[in-house]
Amino acid sequence: QLQLVQSGGGLVQPGGSLRLSCAASLFYLEDYTIGWFRQAPGKAREGVAWISSSGDTNYSDSVKGRFTISKDKAENTVHLQMNRLKPEDTAVYFCATSGNWGATMPSQYDYWGQGTQVTVSS
């Protein structure tokens, strides 16, 4: 029933840009904190960007200044604009929902998108 469908991602050269999208069905993303997480092979899942129900944003130090999280209310969609991508950004990226601003750990998030691969390579 509750569903997050991700799109975007793919292969890009270092310094390039990609935009990830996370579209919700049967609930409003405006009611939740939305987080973007990533997981590389053999690595723990880590949060990179968050946006609260009120629109406040936060970013991990590794992506601050390069990534931008935003909402499109009309489309019930959250975007992650990724600029100046680096090889170390290569991972599977997930969007997820949480009930409260301040939640940063994967265990605090309830609903997850299917994940999309981002590969940054020359």
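As the structure is a prediction and not an experimental result, all values here were calculated from the model.
- Here Trp50 contributes atom CH2 and Trp36 contributes atom CH2; the two are 13.5 Å apart, rounded to the nearest 0.5 Å.
- Residues in residues 28-57 take part in no disulfide (SG to SG under 2.5 Å) pair, two or more places apart or across chains.
- Among pairs with a residue in residues 55-122, those fulfilling disulfide (SG to SG under 2.5 Å) read Cys22-Cys95, at least two apart in sequence or across chains.
- Among residue pairs with one or both ends in residues 111-122, those qualifying as side-chain hydrogen bond (donor to acceptor under 3.5 Å, both in side chains) are Gln117-Thr119; sequence neighbours excluded.
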Exercise for the section: Please step through side chain to side chain contact (heavy atoms under 4.5 Å, CB included) for the pair Thr97 and Thr33, ending with a clear verdict. Expected result: CA-CA 6 Å; Thr97 65; Thr33 290; over 6 Å; no
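- Listed by first and then second residue, the disulfide (SG to SG under 2.5 Å) pairs that reach into residues 48-89 come to none, sequence neighbours excluded.
- Panel note: side chain Asp72, backbone Val78; no donor-acceptor pair is recorded below 3.5 Å.
- Annotation: salt bridge (Lys or Arg N to Asp or Glu O under 4.0 Å) contacts involving residues 101-122, sequence neighbours excluded, are absent.
- At least one donor-acceptor pair closer than 3.5 Å links the side chain of Thr77 to the backbone N or O of Glu75.
- The minimum heavy-atom distance linking Gly115 with Gln6 is given by the pair N-OE1, 3.1 Å.
- Applying the salt bridge (Lys or Arg N to Asp or Glu O under 4.0 Å) test to every pair with at least one member in residues 52-62, sequence neighbours left out, gives these pairs: Asp61-Lys64.
- Put simply, the side chain of Tyr59 gets close to the backbone of Ile69: a donor and an acceptor are under 3.5 Å apart.
- Ring centers of Tyr32 and Phe27: under 6.0 Å apart, within the cut-off.
- Taking Ser98 as the reference, nothing meets the side chain to side chain donor-acceptor pair (under 3.5 Å) condition, with sequence neighbours excluded.
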Handout entry: Test side chain to side chain donor-acceptor pair (under 3.5 Å) applied to His79 and Ser21, step by step
Key = CA-CA 4 Å; His79 303 285; Ser21 297; 2.8 Å; yes
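- For Tyr93, the ring-ring contact (aromatic ring centres under 6.0 Å, His included) criterion is met by no residue, not counting sequence neighbours.
- A donor-acceptor pair under 3.5 Å links the side-chain atoms of Arg84 to the main chain of Gly65, judged by distance alone.
- Nearest heavy-atom pair, Ala49 versus Leu80, reported as atom, atom and distance to 0.1 Å: CB-CD1, 3.9 Å.
- Atoms CZ and CZ, from Phe37 and Arg45 in turn, are 8.5 Å apart once rounded to the nearest 0.5 Å.
- Sorted by first and then second residue, the salt bridge (Lys or Arg N to Asp or Glu O under 4.0 Å) pairs with a member in residues 17-40 read Glu30-Lys71, Arg38-Glu46, Arg38-Asp89; sequence neighbours excluded.
- When the side-chain contact (heavy atoms from CB on, under 4.5 Å) test is applied to Val12, the partners found at least two apart in sequence or on another chain are Leu18, Leu85, Val120.
- Residues Leu4 and Ala24 share a closest heavy-atom pair of CD2-CB, 3.9 Å.
- Take Asn83 and apply the side-chain contact (heavy atoms from CB on, under 4.5 Å) test, not counting sequence neighbours, and it matches Ser17, Gln81.
- The heavy-atom pair separating Ile34 from Tyr109 by the smallest distance is C-CE2, 4.3 Å.
- Applying the side chain to side chain donor-acceptor pair (under 3.5 Å) criterion to Ser60, with sequence neighbours excluded, gives Ser62.
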